[in-house]
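Notes to accompany the following structure.
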Amino acid sequence: MTSKNTICLWYDGDAVDAANFYAETFPDSAVQAVHRAPGDYPDGKQGNVLTVEFTVAGIACLGLNGGPHFKHNESFSFMIATDDQEETDRLWNAIVGNGGQESECGWCKDRWGLSWQIAPRALTAAVFGPDPAAAKRAFDAMMTMKKIDIATIERAVLGHN
């Protein structure tokens, strides 16, 4: 690891699968190294994959095969800013379509239970824009969505339902 600060994500024996999926799905992502345990540990044996060094959208991560004891939950998530509907659809569909699960307001979970918010930049600009009425309309529109539809957000900003 060359990064001073690295996010450590726990997996139940499938950290390599998760890291490979993220590397294939997100730009500026890669698997750097796979490390095997030099000895037995509580949830594995010597020679098993213990950790995986990878990046997700430029963020340094370490996948730890720490066993079934600690599960991912919504208190930690990745927020991925997208530039257009095509990118939003591609990332959303990759996560949800590979054993993931839809949630509300642009949130979804991957098959390992890790939470992601696929957030178009247009949504962020609309919800936090200078016009409070337009921001409220955009926010209200977002609250009805699972995957974010940029055209609907843009219509809401303009006051067109």
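Hydrophobic clustering places L114 together with I7 (ILVMFWY residues linked when any side-chain heavy atoms are closer than 4.5 Å, directly or through intermediates).
Using modelled atom types and a 3.5 Å distance limit, the side chains of S115 and S77 yield no donor-acceptor pair.
Remark: the backbone N or O of D83 is not paired with any side-chain donor or acceptor of R121 at under 3.5 angstrom. A distance-only check finds no donor-acceptor pair linking the side chain of Q46 to the backbone of A37 [under 3.5 Å]. For the pair R137 (side chain) and A156 (backbone), a donor-acceptor distance under 3.5 Å is present. Remark: the backbone N or O of L64 is not paired with any side-chain donor or acceptor of T51 at under 3.5 angstrom. Of the possible polar contacts, none joining the N48 side chain to the L50 backbone as a donor-acceptor pair under 3.5 Å is found. Panel note: side chain E53, backbone Q32; no donor-acceptor pair is recorded below 3.5 Å. Remark: side-chain polar atoms of N93 are not paired, donor with acceptor, to backbone N or O of G97 under 3.5 angstrom.
Among residues two or more places apart in sequence or in another chain, the ring-ring contact (aromatic ring centres under 6.0 Å, His included) test is passed with W10 by F70. Listed by chain and residue number, K136 satisfy the side chain to side chain donor-acceptor pair (under 3.5 Å) test with D140 (two or more places apart in sequence, or in another chain). The ring-ring contact (aromatic ring centres under 6.0 Å, His included) test applied to H35 returns no partner, not counting sequence neighbours. E74 pairs by the salt bridge (charged side-chain N to carboxylate O under 4.0 Å, His left out) definition with K109, not counting sequence neighbours.
The structure places NZ of K146 at 15.5 Å from CD1 of I118, a figure rounded to the nearest 0.5 Å. How far CD of E102 is from CE of M145: 13.0 Å, rounded to the nearest 0.5 Å. Put simply, CG on N5 and CD1 on I59 are 9.0 Å apart, with the number rounded to the nearest 0.5 Å.
Here the closest non-hydrogen pair linking T82 and L91 is CG2-CD1, 3.8 Å. Counting all heavy atoms, side chain and backbone alike, A122 lies closest to E154 at CB-OE2, 4.4 Å. For the residue pair P27 and R90, the shortest heavy atom distance occurs at CD-NH2, 3.8 Å.
Here the side chains of I148 and W92 are not in contact, with every heavy-atom distance at 4.5 Å or above. Counting only heavy atoms from C-beta outward, the side chains of F78 and D110 never approach each other to under 4.5 Å. Residues D89 and E86 fail the side-chain proximity criterion, which asks for heavy atoms closer than 4.5 Å.
Using a 30° and 60° split on the angle between ring planes, Y22 and F26 fall in the tilted class, from 30° to 60°. Ring planes of F21 and W112: tilted class, angle from 30 to 60°.
Here salt bridge (charged side-chain N to carboxylate O under 4.0 Å, His left out) pairs that include residues 9-27, with residues two or more places apart or in two chains, number zero. Pairs passing the salt bridge (charged side-chain N to carboxylate O under 4.0 Å, His left out) check and including a residue from residues 37-46, sequence neighbours excluded, do not occur.
Applying the 6.0 Å contact sphere to CZ of F128 captures no more than 12 heavy atoms from other residues, nucleotides or ligands.
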